[in-house]
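Single-structure report; data block below.
We count residues from 1, following the sequence as given. Fair warning: this is a prediction, and the values are worked out from it, not measured in the lab. FYI, side chains are in, hydrogens and waters are out, and symmetry mates aren't considered; it's all heavy atoms of this structure.
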Amino acid sequence: MPPNAGNDHPRDSSKPSRNLLLGSARMLWRFKKTAVIASGAAYCLYKFQQWKLRNELNKQIIDGTVLTWSITNGSIIETDTATSGFGPFGKVVDSLLQPSHQIRMLDALVALEMAAVDPRIKSLIVRVHNGESTDARSMSTGLGIAQTQELRQALERFQQRKEQQHGSGKGKSYFYIDSFDDQQTYYLASAFSDIIMQPTGYLPLTGISATNMYFKDLIEKLGIHMHVEARKDYKGVVAPFSQSSMPEKHRKNMMDILESLNSTFIRDTARSRKVAILSNAQVTGEDQPATAAEIMRGVLEEGPISAPYAKKLGLITAQDFIFDVESIIGIRKAMSLSNYRKQRGKEHWASIITSIMGKNEDGTSLNMHEQKDSSQPGLIATVGIVYLVGNIERHGTNSAERIAHHLLDAARDINVDAIVLRIDSGGGDVIASETIGAAVDYIQTNFSKPVVASYGNISASGAYYASTSCKRIFASPGTITGSIGVAAMRPIITRKLLDYIGTNVEELYVIDNKSNSSFTEPQGSELERYRKLVDEIYEGFTKRVAKDRGYSNEDVEEVAQGRVFTGIQALSNGLVDEMGSFTRAIESAAELGSKVMLETKLKTLRRTLQLHRNNVLQAAVTLGHFKSLDEAEKKLDNASPDAESKTTNSASSSDNNNESKLESFMDKLEIIASEPAKFKRPFKGDITRNILLKEFPQQKQLAKWVFNSIIKQEVDDDGDFGFSPTTSARMSAQDAAKNVVLAVLKDEINALLSGDSLRTLEKSAEQGRSVRAESDNTRFK
């Protein structure tokens, strides 16, 4: 045997493995395309499964979660009604129109309310920054005083509940900012347990003030005269155009408002930072006033103040940077407030279903916050939300007709038990305001559904007119309201302006009436008619306030004459019913709705039944059973029950049977509804437990209209007079589509006019291409 014969066995045993590898390689090379596609598909599937797992893990709210909230200027909005209801296209529309981190005010408030009672949430971290927007000009929240107060209330409740759940000093909330650019942002920050800002930052605390400009002398130099009629002395909205300086009564009214706002600001910030302020005052050993409020007033007189001095006074907690926020989060899971709102909303819906259907098989409820009041198990109230934001107009995307559409849609919805009208408007057209007010009256009279008003930053003049008949009115201490008065202004172009611009105007009249002329000052009978019209509108306004708010005709003048009030002042004189945030108004509406829940559903059913009966009669006439609707109605009224049944059955026997059964059922329910309150269970509204929200316009209506438009299906709007749900959906969808187009065009124009684009054009021109840059300094406002 050769010496190396013993080594042949291992070499020979490796041949099958090598052959297998070579065969596999040849197979892969032969089917290389298929192999690449299969490998790519497997890799994509693997990555998708990883993403899906991470996404599911991110959605889970675990015990030990820390909420994070990134706030930029304009990231907190009242409503996005034009796009939120755009059905299946809503996410696309929102991504085009809304910046990142944007959240609605109601969503933020509800999220904070739910987080407060959720023991899994340990703390809250908020950062105010510029965000991704290149248009940001200040490091602020962009909120008004009343909105800030609503968030402060929710944050204070959050901290109180966290201390109850986790012990004193453990339920902390953190506010990060590099420097404060306005007092409103610090007002919000003061509600947090810890305020952290950079060492070189400062606090512009100087007190709330107002600045008015008056243009009378300017416009008269231009040759324009403003004819103004104001009812009455305190109605100062037109004063800048008719006066050279602030009228004395307007000045007094403004000073009262500013004093009220500053007092509230001082009281709230001093209460929130009381412990830190007083402890720092004792450490310094200086002669300081006895109370935190007095120290805060002194700060406003000294401001602005630097970050080191603010820390010395106890107004902030630390001087640091946002980079070390991970040390606060630690091992805890970070979850954005908007994401928490979505996931907690799903849990809330599941708990509602459990509350209605019963408990789980193991006897536990899906809702981790059991109802403590055993007298109200399973009772759920649905509250419809309608927004009135911005100037009140007769035309346009925010017209009164559209607001009335949404109110009526909510009233017709049998699932809605009450309606909250959220208002953030300074008023507007008197006719438009009357339209909205009439819609509120109509709903409460014909549907018995209570309408509750929630005031945001402002609800004055026409906005107050529209909401006077609401069952309850909620406002914040800093809400601006009232302004019960009327103002009319008409510019008169004088000969001075015409001569200056070298223009002559000739007016021709067949009828001796120049009331609509912009070149002739009203005089004599024309002026009397003009003033009488304004007086009649003012008288109607005051009578409505007196009737709806319980004033006598004499007493209403004390709160009228155009006076403006803060929320606290309005509460003391009876213009509003309660100080409370948006969520408190919703809870109140749910409680009011629960008291008349059966009655409202019966009225809605009866209206549906009446429409059903009318449709049957119209079908009977169409089929030739009657010559006209008048004849059909007359015969039905005079017929015996058997004859009526037979007549109606000629059109639809099954419909009539259903109608009779429904009538009998509703008669029995009306007997129950008319019984004393012993049949009614007490209901305590809690937005975290037993309230569902439904906003109008609804997504389903908009999606249905879009789908019908795509497939060219006709929509029957006969007889709706512009107030059908379909019409409301179409109008909102058209607004959304218009906003999408405008947003896209805006981006294209900005890109075209950007510096890089202009430089590209210049470079192309230099290279001899036929491209011209008309202007290097073109800018669009």
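In this structure, Asn253 contributes its side chain and Val564 its backbone to a donor-acceptor pair below 3.5 Å. Formation of a donor-acceptor pair under 3.5 Å by the Ser75 side chain with backbone atoms of Ile71 is not found in this model. A donor-acceptor contact shorter than 3.5 Å links the side chain of Asn573 to the backbone of Leu575. No donor-acceptor distance shorter than 3.5 angstrom exists from the side chain of Glu591 to the backbone of Ile586, with no hydrogens or angles considered. Looking only at distances, a side-chain donor or acceptor of Asn262 sits under 3.5 Å from a matching main-chain atom of Ile208. No donor-acceptor pair under 3.5 Å is formed between the side chain of Ser272 and the backbone N or O of Thr269.
In this structure, a donor-acceptor pair under 3.5 Å is present between the side chains of Asn457 and Gln147. Side-chain atoms of Thr317 and Asp194 include no donor-acceptor pair closer than 3.5 Å. Counted by atom type alone, Arg549 and Ser469 present zero donor-acceptor pairs between their side chains at under 3.5 Å. With no hydrogens or angles considered, no side-chain donor-acceptor pair links Thr688 and His348 at under 3.5 Å. Residues Tyr176 and Arg127 have side chains that never bring a donor and an acceptor to within less than 3.5 angstrom of each other. Using modelled atom types and a 3.5 Å distance limit, the side chains of Thr479 and Thr481 yield no donor-acceptor pair. Side chains of Ser173 and Lys162: no donor on one and acceptor on the other come within 3.5 Å. For the residue pair Glu558 / Tyr551, no side-chain donor-acceptor distance below 3.5 Å is found, with atom types taken as modelled.
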>> Determine whether Lys232 and Tyr234 satisfy the following criterion, side chain to side chain contact (heavy atoms under 4.5 Å, CB included), listing intermediate values before the conclusion.
In response: CA-CA 6 Å; Lys232 294 186 179 178; Tyr234 293 92; over 6 Å; no
> Phe175 and Thr185: side chain to side chain contact (heavy atoms under 4.5 Å, CB included), yes or no, with the steps?
Replying inline: CA-CA 10 Å; Phe175 188 96; Thr185 305; 3.9 Å; yes
>> Show, in sequence, the C-alpha distance, side-chain angles and deciding distance for Gln102 and Ile77, and conclude whether the side chain to side chain contact (heavy atoms under 4.5 Å, CB included) test is met.
In response: CA-CA 7 Å; Gln102 191 172 84; Ile77 60 174; 3.4 Å; yes
> Going through the distances and angles, do Arg104 and Glu695 end up as a salt bridge (charged side-chain N to carboxylate O under 4.0 Å, His left out)?
Replying inline: CA-CA 12 Å; Arg104 296 183 307 163; Glu695 296 189 13; 2.5 Å; yes
> Does the pair Ser260 and Thr566 meet the rule for a side-chain hydrogen bond (donor to acceptor under 3.5 Å, both in side chains), with working shown?
Replying inline: CA-CA 7 Å; Ser260 176; Thr566 62; 2.9 Å; yes
> Hey, mind stepping through Ser70 and His129 against side-chain hydrogen bond (donor to acceptor under 3.5 Å, both in side chains) and telling me if it holds?
Replying inline: CA-CA 7 Å; Ser70 181; His129 62 107; 2.3 Å; yes
> Going through the distances and angles, do Thr72 and Val128 end up as a side chain to side chain contact (heavy atoms under 4.5 Å, CB included)?
Replying inline: CA-CA 6 Å; Thr72 61; Val128 176; over 6 Å; no
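The CG atom of Leu106 sits 8.0 Å away from atom OG1 of Thr583, with the distance rounded to the nearest 0.5 Å. We find the CD1-CE distance between Ile177 and Met197 to be 7.0 Å, quoted to the nearest 0.5 Å. Within the model, atoms NZ of Lys312 and OG of Ser306 stand 10.0 Å from one another, a figure rounded to the nearest 0.5 Å. Gln149 contributes atom CD, which lies 10.5 Å from atom CD of Glu156 (distance to the nearest 0.5 angstrom). Ile568 contributes atom CD1, which lies 8.0 Å from atom CG of Leu571 (distance to the nearest 0.5 angstrom). Between the OG atom of Ser459 and the CG atom of Asp424 there is a distance of 8.5 Å, given to the nearest 0.5 Å.
Ser467 and Ile473 make their closest contact through O-CD1, 3.6 Å (heavy atoms, listed as atom of the first residue, atom of the second, distance). The shortest non-hydrogen separation linking Leu188 to Arg152 is CA-CG, 4.3 Å. Looking at every heavy atom in both residues, Pro204 comes nearest to Asp181 through CG-C, 3.8 Å. In plain terms, the two heavy atoms of Gly142 and Asn73 that are nearest each other are CA-OD1, 3.4 Å. When all heavy atoms are compared, the tightest approach of Thr264 to Pro477 is CG2-CB, 3.9 Å. The two residues Ala590 and Ala381 make their nearest non-hydrogen contact at CB-CB, 3.8 Å.
At a threshold of 4.5 Å between non-hydrogen side-chain atoms, the residues Asn212 and Tyr214 count as touching. With contacts defined as side-chain heavy-atom distances shorter than 4.5 Å, the pair Leu300/Phe265 qualifies. Leu313 has its side chain out of reach of Ile277: every pair of non-hydrogen atoms, C-beta onward, lies at least 4.5 Å apart. Annotation: side chain of Gln184 is not in contact with side chain of Leu143 (no heavy-atom distance under 4.5 Å). At least one side-chain heavy atom of Val66 sits under 4.5 Å from a side-chain heavy atom of Ile125. Under the 4.5 Å side-chain criterion, counting only non-hydrogen atoms from C-beta, Phe582 is in contact with Ile385. Annotation: side chain of Leu315 is in contact with side chain of Met296 (closest heavy-atom distance under 4.5 Å). Residues Thr206 and Pro304 meet the side-chain proximity criterion, which asks for heavy atoms closer than 4.5 Å.
Residues passing the side chain to side chain donor-acceptor pair (under 3.5 Å) test with Ser425: none are found, sequence neighbours excluded. Residues meeting the side chain to side chain contact (heavy atoms under 4.5 Å, CB included) test with Leu112, sequence neighbours left out: Trp69, Leu124, Leu151, Ala154, Leu155, Leu337.
Using a cutoff of 4.0 Å between basic side-chain nitrogens and carboxylate oxygens, Arg689 and Glu587 are not scored as salt-bridged. Ion pair Glu347/Arg344 flagged as a salt bridge, since at least one NZ, NE, NH1 or NH2 atom sits closer than 4.0 Å to an Asp/Glu carboxylate oxygen. Between Arg422 and Glu150, at least one side-chain N (NZ, or NE/NH1/NH2) sits under 4.0 Å from a carboxylate O, which counts as a salt bridge.
Partner Asp63 forms a side-chain hydrogen bond (donor to acceptor under 3.5 Å, both in side chains) with one of Arg120, Lys122, Lys333 and no other, that one being Lys122. Remark: of the listed residues Glu113, Gln153, Glu578, Glu578 is the sole one forming a side-chain hydrogen bond (donor to acceptor under 3.5 Å, both in side chains) with Arg584. Checked against Ser483 for a side-chain hydrogen bond (donor to acceptor under 3.5 Å, both in side chains), the options Gln561, Arg563, Lys235 give a single hit: Lys235.
For Tyr455 and Phe474, the ring centers sit 6.0 Å or farther from each other.
Ring planes of Tyr186 and Phe180: perpendicular class, angle over 60° (limits at 30 and 60°).
Environment of CZ in Arg157: crowded, with over 12 heavy atoms of neighbouring residues, nucleotides or ligands closer than 6.0 Å.
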